Number of protein chains: 2
Amino acid sequence: MMLKYRRIPEETIRRLPIYLRGLLFSSQMGYKKVSSGELSEFVGISSCQIRKDLSYFGEFGKRGVGYDIEKLSREIRKILKLDVVRKAAIVGAGNLGSAVLTYPGFKIYNFDITAAFDADPRKIGKKIRDITVEDVRNIAKLKKRKIDLGIIAVPSADAQKTADELVKAGVKAILNFSPCYITAPKRIKVVTIDIAMDLARLPYYMPVS
Amino acid sequence: MMLKYRRIPEETIRRLPIYLRGLLFSSQMGYKKVSSGELSEFVGISSCQIRKDLSYFGEFGKRGVGYDIEKLSREIRKILKLDVVRKAAIVGAGNLGSAVLTYPGFKIYNFDITAAFDADPRKIGKKIRDITVEDVRNIAKLKKRKIDLGIIAVPSADAQKTADELVKAGVKAILNFSPCYITAPKRIKVVTIDIAMDLARLPYYMPVS
DNA sequence: CTTTGTGAAGTCCTTCACAGCC
DNA sequence: GGCTGTGAAGGACTTCACAAAG
């Protein structure tokens, strides 16, 4: 395995989780191995794209055979650093925040939500799952608790302020559920999830009656 | 306005809703006009990207001045066909389905959810919002009701089957909340929303302690 | 002087096509 | 024969840089 240095496209990283899901699906179908062609069918991405993407990180397949599902899954998890447990804190304990707190996806990817904050005095002290909601003014104290990920589930108007506080508290990445653009230092990865953005472009592709 | 024909990049369409949100924000700040440079600050997309994107559809700005917010918003809504009311139906009336049904974003973009289906006899007949949940076996009857958008909120295992039925019932687009890849004829636009995909790539960008 | 609109240049990403290996 | 891994070619998207307009 030579693996000379090449810049890894952001698009490749975006696709790795899709492959992971395709591999899970394959394994549930009873397969032990898959070829890039078969995986392509399951995930809707061309087989040579799949091979190229994987080639950035090593040689995981056997020519004439394909990929060992178990082994490739493990490799992708390692590439995405999903094998490390990350501590997360959520700000905003309203409907959205509560939904996020109970969403099982976080555990699957090794996120451990260990703190929740809100500005509403009626919510402070309340227990959601096994977490007691704290006063939003105490975010600064997170620094000692070594939180990796900050989750924003507050109204748009407070989103940037919350992001700034999370950055000060030392988070490495931010997951933003508020429908707005957020600025943060370059070293901090910000991902914004906004269903409305996907919704709004659907009609463009729909013929008018 | 010459506007010679050029293929419109998919990426441009993806950004139009973001501009729309930036314009809303500008108008809420009390502005009447914005330059591409100002809008760039609000949405985190370069000013020449913004100008190029808009240039695919016409000349909406005034040189030396910028864009009239009201007018540009209207134009983008028209481009995205957000000015037409679309009828939507949702399949799956569980937690996710109920949440989707009550999500206000649909109304904003002129989607009118007029039907809901579920396979669970205990849910059939129940009322959510102003909609009575129907038996999933009656999806075929949707054809007469001229539904434009089908929303999938069923377990992954049933997603493809549901998609096939929605296609037969004549939908023009599918919004898929199940965490899996779905196939449909090319004329039908499928958008899959899966938070887990965004979650799973976050750790890659986070330095390990 | 400011800001748009846009060809040209540059960058990034995908697909092709095939050598290399099983 | 079948399938991977990859340089080279091709295509798509972004940025540059500036003429044109207010």
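Since we're looking at a predicted model, the values are computed, not measured. Letters A, B, ... are given to chains in the order of the sequence lines, protein chains preceding strands, and every chain is numbered from 1.
The distance between atom CD of A:Glu59 and atom P of D:dG7, rounded to the nearest whole Å, is 11 Å. Atom-to-atom, CD1 of A:Ile50 to C1' of C:dC16 comes out at 16 Å; the value is rounded to the nearest Å. Rounded to whole angstrom, the span from the NZ atom of B:Lys33 across to the C1' atom of C:dT2 amounts to 14 Å. What separates CG of B:Asp53 from P of D:dC13 is a distance of 11 Å, to the nearest Å. Rounded to an integer number of Å, the gap from A:Tyr19 OH to D:dT4 P is 13 Å. As rounded to whole Å, 11 Å separates atom P of D:dT15 from atom CD of B:Glu11. Here the P atom of nucleotide D:dT14 and the CD1 atom of B:Ile13 are 12 Å apart, to the nearest Å. Separating the CD atom of B:Glu10 from the P atom of C:dC13 is a distance of 16 Å, rounded to the nearest angstrom.
B:Ser47 comes within 4.0 angstrom of nothing in the nucleic acid, heavy atoms only. Contacts of B:Thr12 with the nucleic acid, taken as non-hydrogen atoms under 4.0 Å apart, are absent.
Close to D:dC3, at under 4.0 Å from its OP1 or OP2, lies no side-chain N or O of A:Ser36. Close to C:dT14, at under 4.0 Å from its OP1 or OP2, lies no side-chain N or O of A:Tyr56. Applying the 4.0 Å criterion to OP1 and OP2 of D:dA17, one finds that B:Arg51 has every side-chain N and O outside that range.
Of all nucleotides listed (D:dT15, D:dC13, C:dT15), C:dT15 comes nearest to the side chain of A:Cys48. Set against C:dG7, C:dC13, D:dA17, the side chain of B:Arg6 has C:dG7 as its closest nucleotide. Residue A:Pro9 has its side chain nearest to C:dC13 when only D:dC13, D:dA8, C:dC13 are considered.
For C:dT3, the base has no donor-acceptor partner in the side chain of B:Arg63 [N/O atoms by modelled type, under 3.5 angstrom].
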(request) Please test B:Asn176 against B:Tyr181 for side chain to side chain donor-acceptor pair (under 3.5 Å), starting from the C-alpha separation and ending with a verdict. (result) CA-CA 9 Å; B:Asn176 172 37; B:Tyr181 173 64; over 6 Å; no
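Two residues, A:Gln49 and A:Lys62, neighbour DNA chain C, and the one matched to the more 5' nucleotide by heavy-atom proximity is A:Gln49. Nearest-nucleotide positions on DNA chain C place B:Ser35 closer to the 5' end than the other of A:Arg14 and B:Ser35. Along DNA chain D, the nucleotide nearest A:Lys52 and the nucleotide nearest A:Gly64 are compared for position; the residue whose nucleotide lies closer to the 5' end is A:Gly64.
With respect to A:Asp83 and A:Arg77, no salt bridge is recorded, no charged nitrogen being found less than 4.0 Å from a carboxylate O.
The number of heavy atoms from other shown groups lying within 6.0 Å of NZ (A:Lys62) does not exceed 12. With a 6.0 Å radius and a threshold of 12 heavy atoms from other residues, nucleotides or ligands, A:Asp120 has its CG atom above the threshold.
For A:Phe60 and A:Tyr67, the distance between ring centers is not under 6.0 angstrom.
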